[in-house]
Protein chains: 2
Amino acid sequence: MNHLPLLDYINKYINLTIEEEIILLSKIVHRNYLKDQYIVQQGDICKSANFIISGCTKTFYMDGEGQEHIVMFSIEDWWSSDLGSFITQTPADFNLQCLENTELIQFTYNNLKELYAEIPKLERFFRKIIERAFVASQKRIIRNFSLTAKERYLIFKEAYPKIEQRVPQYMIASYLGITKEFLSKIKGQLIQNQ
Amino acid sequence: MNHLPLLDYINKYINLTIEEEIILLSKIVHRNYLKDQYIVQQGDICKSANFIISGCTKTFYMDGEGQEHIVMFSIEDWWSSDLGSFITQTPADFNLQCLENTELIQFTYNNLKELYAEIPKLERFFRKIIERAFVASQKRIIRNFSLTAKERYLIFKEAYPKIEQRVPQYMIASYLGITKEFLSKIKGQLIQNQ
DNA sequence: AAATGATATTAAACTAGATTAACATCTATT
DNA sequence: AATAGATGTTAATCTAGTTTAATATCATTT
(Lines give C-alpha, C1' and ligand atoms only; values in the text may rest on other atoms or scores of the structure.)
Protein backbone atom coordinates (compact mmCIF):
# COMPACT_ATOMS: atom_id res chain seq x y z
CA MET A 1 0.00 0.00 0.00
CA ASN A 2 2.18 2.76 -1.29
CA HIS A 3 0.50 6.13 -0.80
CA LEU A 4 3.60 8.23 -1.13
CA PRO A 5 3.15 9.20 -4.79
CA LEU A 6 -0.25 10.71 -3.98
CA LEU A 7 0.95 12.63 -0.94
CA ASP A 8 4.02 13.91 -2.77
CA TYR A 9 1.80 15.00 -5.62
CA ILE A 10 -0.66 16.82 -3.36
CA ASN A 11 2.12 18.49 -1.42
CA LYS A 12 3.38 20.11 -4.59
CA TYR A 13 0.21 22.23 -4.57
CA ILE A 14 -0.70 22.60 -0.89
CA ASN A 15 0.85 21.67 2.47
CA LEU A 16 -0.95 19.01 4.44
CA THR A 17 -0.20 18.47 8.12
CA ILE A 18 0.47 14.94 9.34
CA GLU A 19 -3.02 14.89 10.87
CA GLU A 20 -4.58 15.88 7.59
CA GLU A 21 -2.60 13.24 5.75
CA ILE A 22 -3.96 10.65 8.16
CA ILE A 23 -7.55 11.78 7.58
CA LEU A 24 -6.98 11.73 3.86
CA LEU A 25 -5.50 8.23 3.88
CA SER A 26 -8.47 6.99 5.93
CA LYS A 27 -10.86 8.05 3.16
CA ILE A 28 -9.23 6.57 0.10
CA VAL A 29 -9.37 3.13 -1.43
CA HIS A 30 -6.49 1.33 -3.03
CA ARG A 31 -7.41 -0.70 -6.06
CA ASN A 32 -5.67 -2.86 -8.64
CA TYR A 33 -6.96 -3.45 -12.15
CA LEU A 34 -5.65 -5.87 -14.74
CA LYS A 35 -4.77 -4.94 -18.29
CA ASP A 36 -7.93 -4.51 -20.41
CA GLN A 37 -10.26 -4.14 -17.41
CA TYR A 38 -12.69 -1.26 -17.42
CA ILE A 39 -12.67 1.27 -14.56
CA VAL A 40 -15.78 2.97 -15.96
CA GLN A 41 -18.04 2.09 -18.89
CA GLN A 42 -19.96 4.61 -20.99
CA GLY A 43 -23.46 4.83 -19.46
CA ASP A 44 -22.34 3.88 -15.95
CA ILE A 45 -21.91 6.46 -13.25
CA CYS A 46 -18.28 7.26 -12.51
CA LYS A 47 -18.18 6.63 -8.79
CA SER A 48 -14.65 7.74 -8.03
CA ALA A 49 -11.87 10.12 -8.94
CA ASN A 50 -8.91 7.87 -9.66
CA PHE A 51 -5.26 8.74 -9.11
CA ILE A 52 -2.82 6.43 -10.86
CA ILE A 53 0.08 5.01 -8.84
CA SER A 54 1.33 2.79 -11.64
CA GLY A 55 0.08 1.60 -15.00
CA CYS A 56 -1.70 3.30 -17.87
CA THR A 57 -5.31 3.93 -18.92
CA LYS A 58 -7.14 5.34 -21.90
CA THR A 59 -10.26 7.52 -21.74
CA PHE A 60 -12.33 7.04 -24.88
CA TYR A 61 -15.70 7.66 -26.43
CA MET A 62 -17.42 5.06 -28.61
CA ASP A 63 -19.43 6.81 -31.32
CA GLY A 64 -22.60 5.71 -33.12
CA GLU A 65 -20.58 3.90 -35.80
CA GLY A 66 -18.71 1.87 -33.17
CA GLN A 67 -15.58 3.94 -33.63
CA GLU A 68 -13.34 4.59 -30.66
CA HIS A 69 -12.13 8.16 -30.02
CA ILE A 70 -9.42 8.53 -27.39
CA VAL A 71 -9.60 11.77 -25.36
CA MET A 72 -6.65 11.09 -23.13
CA PHE A 73 -4.06 8.65 -21.88
CA SER A 74 -3.23 8.65 -18.18
CA ILE A 75 -0.10 7.30 -16.51
CA GLU A 76 1.53 7.44 -13.05
CA ASP A 77 0.88 10.67 -11.14
CA TRP A 78 -2.15 11.63 -13.18
CA TRP A 79 -5.91 11.18 -12.99
CA SER A 80 -8.26 8.88 -14.79
CA SER A 81 -11.94 9.72 -14.39
CA ASP A 82 -14.98 10.78 -16.34
CA LEU A 83 -15.11 14.09 -14.53
CA GLY A 84 -18.45 15.10 -16.03
CA SER A 85 -20.08 11.94 -14.78
CA PHE A 86 -18.31 12.13 -11.42
CA ILE A 87 -19.24 15.69 -10.50
CA THR A 88 -22.86 15.36 -11.56
CA GLN A 89 -23.23 11.64 -10.70
CA THR A 90 -24.94 11.02 -14.04
CA PRO A 91 -24.13 8.43 -16.75
CA ALA A 92 -20.64 8.61 -18.20
CA ASP A 93 -19.91 9.69 -21.78
CA PHE A 94 -16.53 8.00 -21.68
CA ASN A 95 -15.00 4.60 -21.06
CA LEU A 96 -11.90 4.25 -18.91
CA GLN A 97 -9.92 1.14 -19.68
CA CYS A 98 -6.55 -0.10 -18.46
CA LEU A 99 -3.85 -0.51 -21.09
CA GLU A 100 -1.54 -2.11 -18.53
CA ASN A 101 -2.04 -3.60 -15.08
CA THR A 102 -2.88 -0.49 -13.11
CA GLU A 103 -2.67 0.42 -9.44
CA LEU A 104 -4.72 3.38 -8.37
CA ILE A 105 -6.15 5.33 -5.49
CA GLN A 106 -9.86 6.05 -5.52
CA PHE A 107 -11.72 8.99 -4.00
CA THR A 108 -15.39 8.08 -3.98
CA TYR A 109 -17.92 10.85 -4.45
CA ASN A 110 -19.09 10.86 -0.84
CA ASN A 111 -15.64 10.45 0.66
CA LEU A 112 -14.36 13.36 -1.38
CA LYS A 113 -17.30 15.46 -0.21
CA GLU A 114 -16.37 14.65 3.38
CA LEU A 115 -12.73 15.38 2.68
CA TYR A 116 -13.61 18.81 1.28
CA ALA A 117 -15.49 19.50 4.53
CA GLU A 118 -12.74 18.21 6.82
CA ILE A 119 -9.74 19.56 4.88
CA PRO A 120 -10.91 22.69 3.09
CA LYS A 121 -7.40 23.12 1.68
CA LEU A 122 -8.22 20.27 -0.68
CA GLU A 123 -10.61 22.57 -2.53
CA ARG A 124 -7.59 24.60 -3.54
CA PHE A 125 -5.66 21.50 -4.54
CA PHE A 126 -8.38 20.23 -6.84
CA ARG A 127 -9.08 23.70 -8.17
CA LYS A 128 -5.47 24.00 -9.25
CA ILE A 129 -5.39 20.54 -10.80
CA ILE A 130 -8.48 21.20 -12.83
CA GLU A 131 -7.35 24.64 -13.90
CA ARG A 132 -4.31 22.98 -15.45
CA ALA A 133 -6.36 20.25 -17.08
CA PHE A 134 -8.72 22.84 -18.57
CA VAL A 135 -5.86 24.88 -19.99
CA ALA A 136 -4.37 21.75 -21.60
CA SER A 137 -7.75 20.87 -23.07
CA GLN A 138 -8.18 24.33 -24.61
CA LYS A 139 -4.71 24.18 -26.12
CA ARG A 140 -5.52 20.81 -27.63
CA ILE A 141 -8.59 22.25 -29.36
CA ILE A 142 -6.46 24.97 -30.89
CA ARG A 143 -3.82 22.50 -32.00
CA ASN A 144 -6.43 20.32 -33.65
CA PHE A 145 -7.73 23.29 -35.62
CA SER A 146 -4.54 25.09 -36.54
CA LEU A 147 -2.06 22.27 -37.13
CA THR A 148 -1.82 19.41 -39.62
CA ALA A 149 -1.87 15.80 -38.45
CA LYS A 150 1.89 15.57 -38.94
CA GLU A 151 2.54 18.60 -36.76
CA ARG A 152 0.19 17.26 -34.10
CA TYR A 153 1.99 13.93 -34.12
CA LEU A 154 5.40 15.57 -33.67
CA ILE A 155 4.10 17.62 -30.76
CA PHE A 156 2.56 14.52 -29.17
CA LYS A 157 5.86 12.63 -29.48
CA GLU A 158 7.73 15.44 -27.84
CA ALA A 159 5.18 16.12 -25.09
CA TYR A 160 4.49 12.48 -24.18
CA PRO A 161 7.51 10.37 -25.17
CA LYS A 162 6.72 7.89 -22.39
CA ILE A 163 3.21 7.31 -23.62
CA GLU A 164 4.25 6.82 -27.23
CA GLN A 165 6.43 3.90 -26.18
CA ARG A 166 3.75 2.20 -24.13
CA VAL A 167 0.71 2.44 -26.36
CA PRO A 168 -0.03 0.86 -29.77
CA GLN A 169 0.11 3.13 -32.82
CA TYR A 170 -3.52 2.76 -33.68
CA MET A 171 -4.50 4.28 -30.33
CA ILE A 172 -2.16 7.19 -30.87
CA ALA A 173 -3.83 7.72 -34.24
CA SER A 174 -7.19 7.76 -32.47
CA TYR A 175 -5.89 10.30 -29.93
CA LEU A 176 -4.62 12.48 -32.79
CA GLY A 177 -7.99 12.23 -34.55
CA ILE A 178 -6.68 10.40 -37.64
CA THR A 179 -6.78 6.83 -38.97
CA LYS A 180 -4.03 4.33 -38.22
CA GLU A 181 -3.27 4.12 -41.96
CA PHE A 182 -2.66 7.84 -42.17
CA LEU A 183 -0.42 7.83 -39.09
CA SER A 184 1.55 5.03 -40.72
CA LYS A 185 1.94 7.19 -43.83
CA ILE A 186 3.11 10.16 -41.74
CA LYS A 187 5.71 8.02 -40.00
CA GLY A 188 6.91 6.74 -43.37
CA GLN A 189 7.33 10.32 -44.59
CA LEU A 190 9.21 11.34 -41.46
CA ILE A 191 11.67 8.44 -41.80
CA GLN A 192 12.27 9.26 -45.47
CA ASN A 193 12.88 13.00 -44.89
CA GLN A 194 15.45 12.45 -42.19
CA MET B 1 -22.63 49.64 -10.74
CA ASN B 2 -24.74 46.57 -10.97
CA HIS B 3 -23.11 43.69 -9.13
CA LEU B 4 -26.20 41.59 -8.75
CA PRO B 5 -25.60 39.25 -11.71
CA LEU B 6 -22.24 38.23 -10.21
CA LEU B 7 -23.60 37.67 -6.72
CA ASP B 8 -26.59 35.73 -8.04
CA TYR B 9 -24.27 33.62 -10.11
CA ILE B 10 -21.92 32.87 -7.20
CA ASN B 11 -24.80 32.08 -4.88
CA LYS B 12 -25.91 29.32 -7.22
CA TYR B 13 -22.78 27.41 -6.22
CA ILE B 14 -22.04 28.54 -2.63
CA ASN B 15 -23.73 30.71 -0.01
CA LEU B 16 -22.02 33.97 0.84
CA THR B 17 -22.93 35.91 3.97
CA ILE B 18 -23.62 39.62 3.66
CA GLU B 19 -20.21 40.32 5.21
CA GLU B 20 -18.52 38.11 2.65
CA GLU B 21 -20.37 39.80 -0.17
CA ILE B 22 -19.10 43.14 1.08
CA ILE B 23 -15.52 41.91 1.18
CA LEU B 24 -15.91 40.50 -2.29
CA LEU B 25 -17.34 43.69 -3.73
CA SER B 26 -14.48 45.67 -2.20
CA LYS B 27 -11.95 43.63 -4.20
CA ILE B 28 -13.43 43.76 -7.67
CA VAL B 29 -13.19 46.31 -10.42
CA HIS B 30 -15.98 47.30 -12.75
CA ARG B 31 -14.92 47.98 -16.29
CA ASN B 32 -16.49 48.92 -19.60
CA TYR B 33 -15.03 48.09 -22.98
CA LEU B 34 -16.18 49.25 -26.39
CA LYS B 35 -16.91 47.00 -29.32
CA ASP B 36 -13.66 45.78 -30.94
CA GLN B 37 -11.49 46.65 -27.94
CA TYR B 38 -9.07 44.02 -26.69
CA ILE B 39 -9.25 42.85 -23.07
CA VAL B 40 -6.10 40.76 -23.52
CA GLN B 41 -3.70 40.42 -26.46
CA GLN B 42 -1.71 37.31 -27.28
CA GLY B 43 1.73 37.74 -25.64
CA ASP B 44 0.45 40.00 -22.84
CA ILE B 45 -0.13 38.68 -19.36
CA CYS B 46 -3.80 38.21 -18.53
CA LYS B 47 -4.06 40.28 -15.38
CA SER B 48 -7.65 39.52 -14.40
CA ALA B 49 -10.40 36.94 -14.43
CA ASN B 50 -13.33 38.70 -16.13
CA PHE B 51 -16.99 38.08 -15.44
CA ILE B 52 -19.32 39.48 -18.08
CA ILE B 53 -22.30 41.55 -16.92
CA SER B 54 -23.40 42.45 -20.44
CA GLY B 55 -21.98 42.21 -23.93
CA CYS B 56 -20.08 39.55 -25.80
CA THR B 57 -16.43 38.59 -26.34
CA LYS B 58 -14.46 36.14 -28.44
CA THR B 59 -11.37 34.24 -27.27
CA PHE B 60 -9.16 33.45 -30.23
CA TYR B 61 -5.72 32.30 -31.25
CA MET B 62 -3.88 33.82 -34.20
CA ASP B 63 -1.75 31.16 -35.88
CA GLY B 64 1.51 31.46 -37.81
CA GLU B 65 -0.37 32.04 -41.07
CA GLY B 66 -2.34 34.93 -39.56
CA GLN B 67 -5.47 32.81 -39.32
CA GLU B 68 -7.85 33.40 -36.45
CA HIS B 69 -9.13 30.37 -34.52
CA ILE B 70 -11.96 31.05 -32.08
CA VAL B 71 -11.92 28.89 -28.94
CA MET B 72 -14.96 30.37 -27.31
CA PHE B 73 -17.58 33.07 -27.25
CA SER B 74 -18.59 34.54 -23.89
CA ILE B 75 -21.77 36.40 -23.05
CA GLU B 76 -23.58 37.62 -19.92
CA ASP B 77 -23.03 35.44 -16.85
CA TRP B 78 -19.92 33.78 -18.17
CA TRP B 79 -16.17 34.29 -18.01
CA SER B 80 -13.72 35.72 -20.47
CA SER B 81 -10.06 35.15 -19.58
CA ASP B 82 -6.95 33.43 -20.81
CA LEU B 83 -6.94 31.12 -17.83
CA GLY B 84 -3.55 29.60 -18.65
CA SER B 85 -1.95 33.02 -18.68
CA PHE B 86 -3.87 34.18 -15.62
CA ILE B 87 -3.02 31.28 -13.32
CA THR B 88 0.66 31.21 -14.25
CA GLN B 89 1.01 34.96 -14.92
CA THR B 90 2.89 34.22 -18.15
CA PRO B 91 2.22 35.52 -21.69
CA ALA B 92 -1.20 34.75 -23.11
CA ASP B 93 -1.78 32.33 -25.98
CA PHE B 94 -5.12 33.90 -26.73
CA ASN B 95 -6.66 37.24 -27.59
CA LEU B 96 -9.85 38.40 -25.90
CA GLN B 97 -11.77 40.92 -27.92
CA CYS B 98 -15.18 42.49 -27.45
CA LEU B 99 -17.75 41.80 -30.16
CA GLU B 100 -20.18 44.26 -28.55
CA ASN B 101 -19.83 46.99 -25.96
CA THR B 102 -19.08 44.93 -22.88
CA GLU B 103 -19.47 45.56 -19.17
CA LEU B 104 -17.49 43.26 -16.93
CA ILE B 105 -16.23 42.64 -13.43
CA GLN B 106 -12.54 42.01 -13.01
CA PHE B 107 -10.78 39.95 -10.36
CA THR B 108 -7.10 40.82 -10.53
CA TYR B 109 -4.58 38.11 -9.75
CA ASN B 110 -3.58 39.56 -6.38
CA ASN B 111 -7.09 40.48 -5.33
CA LEU B 112 -8.30 37.00 -6.10
CA LYS B 113 -5.44 35.54 -4.08
CA GLU B 114 -6.53 37.70 -1.14
CA LEU B 115 -10.14 36.72 -1.67
CA TYR B 116 -9.24 33.03 -1.56
CA ALA B 117 -7.50 33.71 1.78
CA GLU B 118 -10.35 35.76 3.24
CA ILE B 119 -13.26 33.73 1.86
CA PRO B 120 -12.02 30.13 1.51
CA LYS B 121 -15.46 29.16 0.23
CA LEU B 122 -14.52 30.86 -3.03
CA GLU B 123 -12.07 28.04 -3.72
CA ARG B 124 -15.07 25.74 -3.97
CA PHE B 125 -16.91 28.15 -6.21
CA PHE B 126 -14.08 28.45 -8.69
CA ARG B 127 -13.35 24.74 -8.51
CA LYS B 128 -16.91 24.01 -9.56
CA ILE B 129 -16.90 26.58 -12.34
CA ILE B 130 -13.72 25.21 -13.81
CA GLU B 131 -14.82 21.61 -13.46
CA ARG B 132 -17.77 22.46 -15.68
CA ALA B 133 -15.64 24.35 -18.16
CA PHE B 134 -13.24 21.41 -18.40
CA VAL B 135 -16.05 18.94 -19.02
CA ALA B 136 -17.43 21.15 -21.81
CA SER B 137 -13.98 21.42 -23.35
CA GLN B 138 -13.50 17.62 -23.37
CA LYS B 139 -16.88 17.14 -24.98
CA ARG B 140 -15.97 19.62 -27.65
CA ILE B 141 -12.82 17.68 -28.52
CA ILE B 142 -14.90 14.55 -28.96
CA ARG B 143 -17.46 16.34 -31.09
CA ASN B 144 -14.75 17.72 -33.33
CA PHE B 145 -13.39 14.23 -33.89
CA SER B 146 -16.54 12.18 -34.19
CA LEU B 147 -18.96 14.49 -35.97
CA THR B 148 -19.06 16.12 -39.39
CA ALA B 149 -19.03 19.89 -39.74
CA LYS B 150 -22.77 19.88 -40.47
CA GLU B 151 -23.55 17.96 -37.29
CA ARG B 152 -21.33 20.27 -35.26
CA TYR B 153 -23.08 23.30 -36.69
CA LEU B 154 -26.53 21.94 -35.80
CA ILE B 155 -25.39 21.22 -32.25
CA PHE B 156 -23.91 24.71 -31.95
CA LYS B 157 -27.15 26.30 -33.15
CA GLU B 158 -29.13 24.34 -30.60
CA ALA B 159 -26.73 24.84 -27.69
CA TYR B 160 -26.05 28.55 -28.27
CA PRO B 161 -28.99 30.05 -30.16
CA LYS B 162 -28.32 33.44 -28.54
CA ILE B 163 -24.74 33.53 -29.74
CA GLU B 164 -25.60 32.54 -33.30
CA GLN B 165 -27.81 35.62 -33.56
CA ARG B 166 -25.21 38.02 -32.22
CA VAL B 167 -22.07 36.94 -34.02
CA PRO B 168 -21.15 37.04 -37.74
CA GLN B 169 -21.17 33.74 -39.64
CA TYR B 170 -17.49 33.78 -40.42
CA MET B 171 -16.70 33.74 -36.71
CA ILE B 172 -19.02 30.82 -36.16
CA ALA B 173 -17.19 29.02 -38.96
CA SER B 174 -13.92 29.70 -37.16
CA TYR B 175 -15.37 28.38 -33.89
CA LEU B 176 -16.52 25.24 -35.71
CA GLY B 177 -13.08 24.79 -37.25
CA ILE B 178 -14.19 25.23 -40.87
CA THR B 179 -14.02 27.97 -43.51
CA LYS B 180 -16.79 30.54 -43.91
CA GLU B 181 -17.36 29.26 -47.47
CA PHE B 182 -17.99 25.75 -46.26
CA LEU B 183 -20.38 26.95 -43.54
CA SER B 184 -22.24 28.86 -46.21
CA LYS B 185 -22.50 25.65 -48.26
CA ILE B 186 -23.78 23.71 -45.24
CA LYS B 187 -26.44 26.34 -44.60
CA GLY B 188 -27.47 26.16 -48.25
CA GLN B 189 -27.86 22.38 -47.99
CA LEU B 190 -29.91 22.67 -44.81
CA ILE B 191 -32.33 25.16 -46.37
CA GLN B 192 -32.75 22.98 -49.46
CA ASN B 193 -33.42 19.75 -47.50
CA GLN B 194 -36.12 21.26 -45.35
C1' DA C 1 -28.82 58.14 -52.77
C1' DA C 2 -24.07 56.95 -53.57
C1' DA C 3 -20.08 55.10 -52.01
C1' DT C 4 -17.27 52.39 -49.02
C1' DG C 5 -16.17 48.48 -46.19
C1' DA C 6 -17.62 44.53 -44.03
C1' DT C 7 -20.11 40.23 -44.48
C1' DA C 8 -22.08 36.39 -47.21
C1' DT C 9 -22.82 33.30 -51.32
C1' DT C 10 -21.54 30.41 -55.25
C1' DA C 11 -18.79 27.51 -58.02
C1' DA C 12 -14.50 25.28 -59.87
C1' DA C 13 -10.19 23.26 -58.85
C1' DC C 14 -7.57 21.22 -55.29
C1' DT C 15 -5.74 18.53 -51.04
C1' DA C 16 -5.46 16.46 -46.43
C1' DG C 17 -6.98 12.72 -44.72
C1' DA C 18 -10.50 8.55 -45.05
C1' DT C 19 -11.70 4.11 -46.91
C1' DT C 20 -10.87 -0.25 -48.68
C1' DA C 21 -8.26 -4.10 -49.29
C1' DA C 22 -4.26 -6.90 -49.55
C1' DC C 23 -0.22 -8.07 -47.30
C1' DA C 24 3.44 -8.10 -43.51
C1' DT C 25 5.04 -8.47 -38.95
C1' DC C 26 4.90 -9.34 -34.26
C1' DT C 27 3.27 -11.88 -29.91
C1' DA C 28 1.23 -15.31 -27.35
C1' DT C 29 -0.62 -19.83 -26.90
C1' DT C 30 -0.89 -24.63 -27.72
C1' DA D 1 7.48 -24.49 -34.41
C1' DA D 2 2.91 -23.70 -35.90
C1' DT D 3 -1.10 -21.32 -35.67
C1' DA D 4 -4.14 -17.49 -34.52
C1' DG D 5 -5.03 -12.92 -33.30
C1' DA D 6 -3.55 -8.47 -32.84
C1' DT D 7 -0.86 -4.76 -34.79
C1' DG D 8 1.36 -2.28 -38.65
C1' DT D 9 2.32 -1.06 -43.69
C1' DT D 10 1.41 0.10 -48.51
C1' DA D 11 -1.14 1.67 -52.31
C1' DA D 12 -5.34 2.91 -55.01
C1' DT D 13 -9.48 5.27 -54.85
C1' DC D 14 -12.56 8.44 -52.78
C1' DT D 15 -14.56 12.54 -50.08
C1' DA D 16 -15.10 16.24 -46.70
C1' DG D 17 -13.53 20.36 -46.43
C1' DT D 18 -10.04 24.13 -48.47
C1' DT D 19 -8.57 27.53 -51.73
C1' DT D 20 -9.26 30.90 -54.97
C1' DA D 21 -11.84 34.08 -57.14
C1' DA D 22 -15.83 36.40 -58.67
C1' DT D 23 -20.15 38.28 -57.31
C1' DA D 24 -23.84 39.67 -54.11
C1' DT D 25 -25.80 41.71 -50.03
C1' DC D 26 -25.94 44.53 -46.07
C1' DA D 27 -24.79 48.45 -42.96
C1' DT D 28 -22.65 52.92 -42.26
C1' DT D 29 -21.02 57.18 -43.49
C1' DT D 30 -20.96 61.22 -46.31
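Computed from a prediction, not measured in an experiment: that's the story for all the values here. Letters A, B, ... mirror the listed sequences (proteins, then strands); counts begin at 1. Atom set for the values below is all heavy atoms of this structure, side chains included, hydrogens, waters and symmetry mates excluded.
In this structure, A/Lys58 is positioned above the aromatic face of A/Phe60, its NZ or CZ under 6.0 Å from the six-membered ring centre and within 45° of the axis. A cation-pi arrangement, defined by a distance under 6.0 Å to the six-membered ring centre and an angle within 45 degrees of its axis, is absent between B/Arg143 and B/Phe156. By the 6.0 Å and 45° rule, B/Arg140 stacks over the aromatic ring of B/Tyr175.
If you measure from atom CZ of B/Phe145 to atom C1' of C/dA18, you get 14 Å, rounded to the nearest angstrom. Going from atom CD of B/Gln169 over to atom P of D/dT25 covers 16 Å, rounded to whole Å. A/Tyr153 has its OH atom 17 Å from the C1' atom of C/dG17, to the nearest Å. Atom-to-atom, NZ of A/Lys180 to P of D/dG8 comes out at 10 Å; the value is rounded to the nearest Å. Distance CG (A/Leu99) to P (D/dA6): 15 Å, rounded to an integer number of Å. Regarding A/Ile178, its CD1 atom lies at a distance of 11 Å from the C1' atom of C/dA16, rounded to whole Å. Taking atom NZ of B/Lys150 as the reference point, atom P of D/dA16 lies 10 Å away to the nearest angstrom. Residue B/Ile186 contributes atom CD1, which lies 7 Å from atom P of D/dG17 at whole-angstrom precision.
Contact annotation: B/Thr148 side-chain N/O to D/dA16 OP1/OP2 distance is not under 4.0 Å. The side chain of B/Ser184 contributes no N or O atom lying less than 4.0 Å from OP1 or OP2 of C/dA8.
Using a 4.0 Å heavy-atom cutoff across all strands shown, B/Tyr170 reaches sugar-phosphate atoms only and no base atom.
The side chain of A/Pro168 has D/dT7 as its nearest neighbour among D/dG17, C/dA11, D/dT7. In this structure, the nucleotide among D/dG17, D/dG8, C/dG17 sitting nearest to the side chain of B/Ala149 is D/dG17. Of all nucleotides listed (D/dT20, C/dG17, D/dG17), D/dT20 comes nearest to the side chain of B/Glu181. Closest to the side chain of B/Phe182, out of D/dG17, C/dT9, C/dT19, is D/dG17. Of the listed nucleotides (D/dG8, C/dA18, C/dT9), C/dT9 has the atom at the smallest distance from the side chain of B/Lys187.
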Assess whether side chain to side chain contact (heavy atoms under 4.5 Å, CB included) is satisfied between B/Tyr153 and B/Leu190, documenting all intermediate values. CA-CA 11 Å; B/Tyr153 171 60; B/Leu190 288 170; 3.7 Å; yes
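A salt bridge links A/Arg166 to A/Glu76: one of the charged nitrogens lies within less than 4.0 Å of a carboxylate oxygen.
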